[in-house]
K.L.:
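The structure is given below, and queries will be raised subsequently.
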Amino acid sequence: MLSEFALVVPVKPPNVGKSRLTGVPADQRRALAQAFALDTVAVCVEAGTAGVLVTTDDARFSARCRELGAATVPDGDTNDLNAALSQAAA
């Protein structure tokens, strides 16, 4: 049944993700954001869907997602979730 659906996963660049974690050093926050996102993408790819499309403006992170088997596109506006999803769905 999941093979009938494609998933779009919007991801902020890890250096701006999880910004509400105040008091956490920037390098740890960045690593945590990247780990959460990569785990999410990996689970989506392994779920057996028709495909996974990650929308992000971080080129290095995008390459990591492609290594996991996801397609990637730039999101166009890191600060606007709806715009990123609309662009990815187009």
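Here the structure is a predicted model, which means the values were calculated and not measured.
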K.L.:
Who pairs with S62 by side-chain contact (heavy atoms from CB on, under 4.5 Å), at least two apart in sequence or on another chain?
P.N.:
T56, R66, T72

K.L.:
Flag yes if F36 and V24 sit in one hydrophobic cluster, no otherwise; membership is Ile, Leu, Val, Met, Phe, Trp, Tyr, and two members link when side-chain heavy atoms are under 4.5 Å apart.
P.N.:
yes

K.L.:
With rounding to the nearest 0.5 Å, note down the distance linking CG in L32 to CG in D27.
P.N.:
11.5 Å

K.L.:
Identify the heavy atoms of T49 and C44 that sit nearest to each other, and give their distance.
P.N.:
OG1-O, 3.9 Å

K.L.:
Hey, what do you get for NZ (K12) to CG (D75), rounding to the nearest 0.5 Å?
P.N.:
10.5 Å

K.L.:
Closest approach of V45 and G69, non-hydrogen atoms and distance?
P.N.:
CG2-C, 4.1 Å

K.L.:
Could you work out, with side-chain contact (heavy atoms from CB on, under 4.5 Å) as the rule, every residue matching R64, not counting sequence neighbours?
P.N.:
Q34, L38, E67

K.L.:
For a quick test of reading the model, state the closest non-hydrogen atom pair linking V11 to A37 and the distance between them.
P.N.:
CG1-CB, 3.7 Å

K.L.:
Test C65 against every option in D58, V54, V9 by the side-chain contact (heavy atoms from CB on, under 4.5 Å) rule and name the one that passes.
P.N.:
V54

K.L.:
Test of understanding: with side-chain contact (heavy atoms from CB on, under 4.5 Å), list the residues that count as partners of V73, not counting sequence neighbours.
P.N.:
L53, T55, A88

K.L.:
Can you see which heavy atom on A50 is nearest to which on A6, and at what distance?
P.N.:
CB-N, 4.3 Å

